Each structure stands twice: as structure tokens, then as C-alpha cells.
> 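Sharing a structure here in C-alpha cells format.
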There are 2 protein chains.
Amino acid sequence: MKRNSRLSLALHTLSHMAVDPSKTRTSADIAGHAGTNPVVVRRVLGRLREAGLLTSEKGHAGGWRLARLPDQITLADVYLALDERLVASDESSDAAACSVEHALHTRVSGVLKEVEQSLVDRLAETLISEIRGA
Amino acid sequence: MKRNSRLSLALHTLSHMAVDPSKTRTSADIAGHAGTNPVVVRRVLGRLREAGLLTSEKGHAGGWRLARLPDQITLADVYLALDERLVASDESSDAAACSVEHALHTRVSGVLKEVEQSLVDRLAETLISEIRGA
DNA sequence: GAAACACGTAACATTTACTGTTGCGTGTTT
DNA sequence: AAACACGCAACAGTAAATGTTACGTGTTTC
């Protein structure tokens, strides 16, 4: 797989699950569809579980299922669960020699945060259930 | 520096230049302010030059300058010039065994492209000259 | 024309993040 | 007890970005 494939894998899996939310899917099944490894699947879906989007069960008939209905999960939920960020927060100890430099640095960071928030707002407008739709 | 610092470096440099657009700055100066290496600066600013945002001159009094006024450069110009993308386009040969899988894959990609376009639209609303402002 | 200067670029090492893989433990169902 | 499936640690492999050095090219200055 390529870089930054976690969001892609997560959305693919969730929208696939949205077709039949009652069905339980194993990591191996999902990995087969996504062309990757079961452990990788568990790593990514584990984050979604921590965020309350999925549940997992051990044992004979275990596997993964949606913790909410697919029309109650937005792309923002997924994005934030994966802790992806547009740019590194660059908290480089802020030891700017000049105060003007420091102020500028603060402003750039502020602008980027505003943009990031706009992105999250946009992601919150799309539901998992809408991916299949059209 | 940290990962994904190109956008941060570019915005920092451009907004710094916006204070006095007539002044020429060397890679070494910029690298000093940004806490990095002159060659790294040239690599990043080189992309901005290709996109028509900056000009560079060799020689004794050479260096970098804005190619446009700071109120005629948007964050989208910078973002696109650096060729950064929200997610990898994941063109993994599309050899999905099942046609349903293929359709789903296409839909996920489409949704991500729409989100990316929304991000660019948002970035286009902010000018370099606005970074210092407030 | 020689020297100083600054970018352009190649080449390589280093760093970092992610992915791929194996192995083993834990819990559940049959 | 056996089969199953997740949880997790550990490690190798891979890919991208960054840091660094070296050298070429073009421009200005003397």
C-alpha cells in the first residue's frame, strides 16, 4: 500500500460495513478486500474503536462491527479518530530570537489551525452512509 | 525540523517577505530565520518559483523576491505549488476482483477528491498579506 | 579578468513514519 | 480441549523528507 493509506482504508472499510451493519467482519476478511495485512487492519480499526465508531469481539464468531448506524458517522469522526493533521504543529520550542519572528510564527500557526478547522467542518457534512449513495 | 514542514516554511517565508516586498533575501538569511539549511530553502522556494510566486536571481546581489504583490497570492497558490495532497490518490492498478469493490473504491476516491477541492477553495480565501494582519 | 557572491543541482547520509510480518497471549465459542 | 479472532509487542523493510557537502553556473564588483 501507499503512504497515508489509513484514511483510505478506514473509509473503505466503514462504507463497506454500512451495506450490512449487522454482519460481523474479521480482520482477515477486511485485509483481503483492502489488499493488506490483518495486523494493519487491527491497528487502524483499533483507533476507530477508541473513538467509539466500531466495536470488536474476540472468540469464535468475533470480528468488527459498526458501533453506530452509518448515518451517524461523519468523515470528520474518522479523520479525527485517526489523528491525522494537515501540517505538523511545529512546536519547535519556540525559541525565536526576535519577537517579530515569534509573532509571525504564531500567526502562521493560527492561520493553519483555522484552515484545519474548516476542513473538519467540511468533513462533518458528509456521512459514511453517503459514500455509497452517489 | 519536523515532517511536512514545507508548507509551514513556505508560508512563513512569504509572509515575512510581504512586510517589505522590494527587499531581496538570500537562502542563507531565510534558512537562518527558519532554522534550517539553505539548500532546503532553495528546494522549497524553487517550487514556488515554478508556480510563478517568486523570482530568484544569481550573482552578487542575488536572492529571492515576490513575483506578485502579497495581496495577489493566496494560500491555495502555495498549497498547489508544493503539490501536497490530503491523501495519496491510491491508484493501485484498480485490479479489484469484485465489481462492487471497484465501485466502492471509486466512490471513496471521489469523495476524497471533493473534500480536497473544498480545502483548496478554503485556502483560496486567505491572502498572504492577511497572515500578518490578524 | 579575477574574486566574491548566490542560486542550481547532484549525491549521499540521516531521520522519521508507516507498512509488512511473525509470534504469542487473551478471551470466546463450539 | 480445540478452533477461532482480536491485542499487542517486536522487528525488518520501505519510502519520503530533511540535512549536508560539493561543485557548476551566472552576476556583480573591483
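Source: prediction; values computed, not measured. Throughout, a chain's letter reflects where its sequence line sits, starting with A, and its residues are numbered from 1.
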> Report the distance from atom CG of B/Leu45 to atom P of C/dT9, rounded to the nearest whole Å.
13 Å
> Of the residues in residues 52-63 of chain B, which ones touch DNA chain D at a heavy-atom distance under 4.0 Å?
B/Lys58, B/Gly59, B/His60
> For the pair A/Thr126 (side chain) and A/Leu123 (backbone), establish whether a donor and an acceptor sit closer than 3.5 Å, ignoring hydrogens and angles.
no
> Would you please confirm or rule out a distance under 4.0 Å between OP1 or OP2 of C/dC7 and any side-chain N or O of B/Ser27?
yes
> What's the CD-P distance between A/Glu84 and C/dC18, to the nearest Å?
8 Å
> Side chain of A/Arg43, heavy atoms from C-beta onward: which of C/dA6, D/dC6, C/dG20 has the nearest atom to it?
C/dG20
> Please confirm whether the shortest side-chain N or O distance from B/Ser5 to OP1 or OP2 of D/dA17 is below 4.0 Å.
no
> I want to confirm an ordering. Mapping A/Pro38 and A/Arg47 to their closest nucleotides on DNA chain C, which one lands closer to the 5' end?
A/Arg47
> Same cluster for A/Ile73 and A/Leu127 if Ile/Leu/Val/Met/Phe/Trp/Tyr side chains link at under 4.5 Å?
no
> Whether the side chain of A/Arg47 engages the backbone of A/Ala81 through a donor-acceptor N/O pair (distance < 3.5 Å, no angle test) should be reported.
no
> Given A/Leu7 and B/Leu112, is the side chain to side chain contact (heavy atoms under 4.5 Å, CB included) satisfied, shown in steps?
CA-CA 10 Å; A/Leu7 182 59; B/Leu112 289 175; 4.1 Å; yes
> What integer distance in Å separates B/Trp64:CH2 from C/dC5:C1'?
15 Å
> Is A/Arg42 near enough to D/dC6 that one of its side-chain N or O atoms lies under 4.0 angstrom from OP1 or OP2?
yes
> Side chain of A/Ser5, backbone of A/Ser8: donor and acceptor closer than 3.5 Å?
no
> Given atom CZ of A/Arg65 and atom P of D/dA5, what is their separation to the nearest angstrom?
14 Å
> With a 4.0 Å limit, can you tell me whether B/Arg49 has a side-chain N or O closer than that to the phosphate oxygens OP1/OP2 of C/dG8?
yes
> Within the structure provided, determine whether A/Leu75 and B/Val115 are in side-chain contact (heavy-atom separation under 4.5 Å).
yes
> Could you tell me how far apart B/Ile30 (CD1) and C/dG8 (P) are, to the nearest whole angstrom?
11 Å
> What's the closest nucleotide to the side chain of A/Val40 if the choices are D/dT21, D/dC8, C/dT21?
C/dT21
> Please pick, from D/dA17, D/dC6, D/dA9, the nucleotide with the shortest atom-to-atom distance to any side-chain atom of B/Arg6.
D/dA17
> Let's test this: given Watson-Crick or G-U wobble pairing with both distances under 3.5 Å, identify the partner of C/dT9.
D/dA22
> Taking CG from A/Asp83 and C1' from C/dC18, how many angstroms apart are they, rounded to a whole number?
15 Å
> What's the CG-P distance between B/Leu82 and D/dA16, to the nearest Å?
17 Å
> Let me know which of A/Arg49, A/Arg42, A/Arg65 forms a side-chain hydrogen bond (donor to acceptor under 3.5 Å, both in side chains) with A/Ser56.
A/Arg49
> Any side-chain N or O of B/Thr26 under 4.0 Å from OP1/OP2 of C/dC5?
no
> Rounded to the nearest Å, what distance is computed from the CG atom of residue A/Asn37 to the C1' atom of nucleotide D/dA5?
14 Å
> With distance as the sole criterion, is a donor-acceptor pair present between the side chains of A/Thr74 and A/Asp77 under 3.5 Å?
yes
